[in-house]
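First the structure, in the form of C-alpha cells, and then the observations on it.
Since the structure is predicted, the reported quantities are computational estimates derived from the model, not experimental observations. In what follows, every chain begins at residue 1, and chains take the letters A, B, ... in the order their sequences are listed.
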2 protein chains.
Amino acid sequence: MSTSVQAPEQAGRAYHHGDLRSALVCAAVARVEEVGAEHVSLRAVAAEVGVSPSAAYHHFADKDALLGEVAAQGLHQLVIAVSAEVEAIPAGSREAAMLRFRAAGQAYVSFALSHPQLFRVAFSPYCLEQPGVPTTDDGSVPVLSALLNDLVNTGGMNAAVRDDSEDVFVATLHGLATLALQGMIPADRVPQLLAKVEQLIGVNP
Amino acid sequence: MSTSVQAPEQAGRAYHHGDLRSALVCAAVARVEEVGAEHVSLRAVAAEVGVSPSAAYHHFADKDALLGEVAAQGLHQLVIAVSAEVEAIPAGSREAAMLRFRAAGQAYVSFALSHPQLFRVAFSPYCLEQPGVPTTDDGSVPVLSALLNDLVNTGGMNAAVRDDSEDVFVATLHGLATLALQGMIPADRVPQLLAKVEQLIGVNP
DNA sequence: CGCTCATCTGAACATCATCAAGTTTCATGG
DNA sequence: CCATGAAACTTGATGATGTTCAGATGAGCG
C-alpha cells in the first residue's frame, strides 16, 4: 500500500537528516487523502511530521510545490497500482494479454474510486507546475501503451487499429474514472462500460 | 459570452438589493478563470464587487459554498456552449444529425481548453456539495443524450448500439478534454481522435 | 412618520503562508 | 579530539485569509 516515500526509521527521533522532504510529502499525501488538496495546510502537514512550519521551506519553494510533489506521487501510485494488477497475470498467450488489458482498466478505475482525492490532485494544475511528470511522449500511463503492444503481438488486436486506439482508450478510461468519481456515472455500471469499450476499441476475443 | 448571472445594472451604485448573490458568483467565476479555484480568496471577490467580506456570509454558508455555485455555473456554461454550437446547425437530415454530433464533441473540448479553470472547478469536489447539479439520470450533459437520439432517429446510428454508447461517448469526450487540458494529449491531435471516436462508437457516414 | 427586517459594515479572532534571523546539529579536516 | 562551517531546523514576526458577531443602515410597510 505504501510506496517509495518512506516514513523516518524511528518515530519520536529528532529529525535532522532523516529525510524530512520525503516525510513531508508522505504526510501531505495522507492529509490530501483525508481532507482533499484544497483543505490541506502546510502547517498541519509540518505538525504531523513534528517539525516547525518554516522547516518545509528548506525543501519546497512554497505550499504549491509541496502539493506538486503530492500530485506526482499520486500519478506514480496510480501507475504502480495498475502495473501491479497487470503483472499479477502472467503474460504470454493471447488470452493472457486480454485479461491483462481488462485488469488494467479495472485497476485504473478502482484506484480512482479508492483514492479519490489523490487521483484528483494527480490530474490537477498542481502537477503541471511539476517537472518530470509523464507527458505526452512518455504516454500518460506507459503501462497501458505496453499492454496494447502485447495485445497486438499476440494477435488480440489489429495492428492497424492500435495507434489511434491508444489515446482514445486512455481518454475513455480516464473519463470513466473521473465521471464515476463525480457520481455522474453510477460506479456499478463501470465494469459493463469497460467491456463495451473493449469491444469498441477492437479487442478480439 | 456571459450567462444567466448578471452584474448589477449600474456600476458604482450602492448595492443593497441589487442582487449581491449573483454579483458575487459572477465575480468569483471571473476570479476562478484568472487564477484557478485554489487561489481565489473570498475577500478578493468581495472587494471586486465593492462589498465587505462579511456580506458574503449572508448569501453563502462559507467559501466552499460560493465555489460550489461557481462549479454549478461552470457546468451550466458548458452545457450552454455545447448547445449553442449544436443548435447553430439546423436539424433534420441524417447528415445534419452527424454534423451536430461532431459539433458537440468539438464544442465540449473547445470549452475545456478555452475556460480551463472553470471547466476544472465544474468537475471538482466543489460541485458535489452542490444540490441541483445534473447527475446520472439527468445525464451529465443532456444535450449529448438528445444528439444520440437524433442520430438514431435519422438512421445515423444503430439503435441497438445506442444505450451503452452514450456513457462511453460522454466519458471519452470528457477524458479527451481533461487529458488535453493536462497536456497529456496534444491539443492538435484532438480533432483526429474525435473522428476516431465517432467511428468506434458506430456513427454511420 | 415610525417600525421592522433583511442587508451590509466594522472590528475582532484564529489560522494561514511566508520570511528574516538566530540556533542546533552534523560532517570534516586539522 | 576539537574547531569550523554549512546545512537543517526553530523562533518570532508580518500581512493576508476565513469566519463571526454586534451593530449601523436603508427599504418597504403600516
* **N/O donor-acceptor pair under 3.5 Å between A/S124 side chain and A/V121 backbone** => yes
[X] has an atom [atom1]; how far is it from atom [atom2] of [N], in whole Å?
{"X": "B/D19", "N": "C/dC8", "atom1": "CG", "atom2": "P", "value": "10 Å"}
{"X": "A/R31", "N": "C/dC16", "atom1": "CZ", "atom2": "C1'", "value": "14 Å"}
{"X": "B/F60", "N": "D/dT20", "atom1": "CZ", "atom2": "C1'", "value": "18 Å"}
{"X": "A/L24", "N": "D/dA8", "atom1": "CG", "atom2": "P", "value": "13 Å"}
{"X": "B/H39", "N": "D/dG18", "atom1": "NE2", "atom2": "C1'", "value": "16 Å"}
{"X": "B/L66", "N": "D/dT19", "atom1": "CG", "atom2": "C1'", "value": "14 Å"}

* Within a radius of less than 6.0 Å around CZ of A/R102, do more than 12 heavy atoms belonging to other residues, nucleotides or ligands occur? -> no
* Under the side chain to side chain donor-acceptor pair (under 3.5 Å) test, which residues partner B/R43, sequence neighbours left out? -> none
* Asked: Could you give all pairs that pass the salt bridge (Lys or Arg N to Asp or Glu O under 4.0 Å) test and reach residues 172-188 of chain A, with sequence neighbours left out?
  -> none
* To do: State whether a side-chain donor-acceptor pair under 3.5 Å links B/Q117 with B/R31.
  => no
* Asked: Between A/Q73 and A/E69, does any side-chain donor sit less than 3.5 Å from a side-chain acceptor?
  -> no
* To do: Could you encode protein contacts along nucleotides 17-24 of chain C as a string, one character per nucleotide from 5' to 3', using B for base contact, S for sugar-phosphate-only contact and - for no contact, with a heavy-atom cut-off of under 4.0 Å?
  => BBB----B
* Residue-phosphate contact under 4.0 Å: A/H59 side-chain N/O, D/dA7 OP1/OP2 -> no
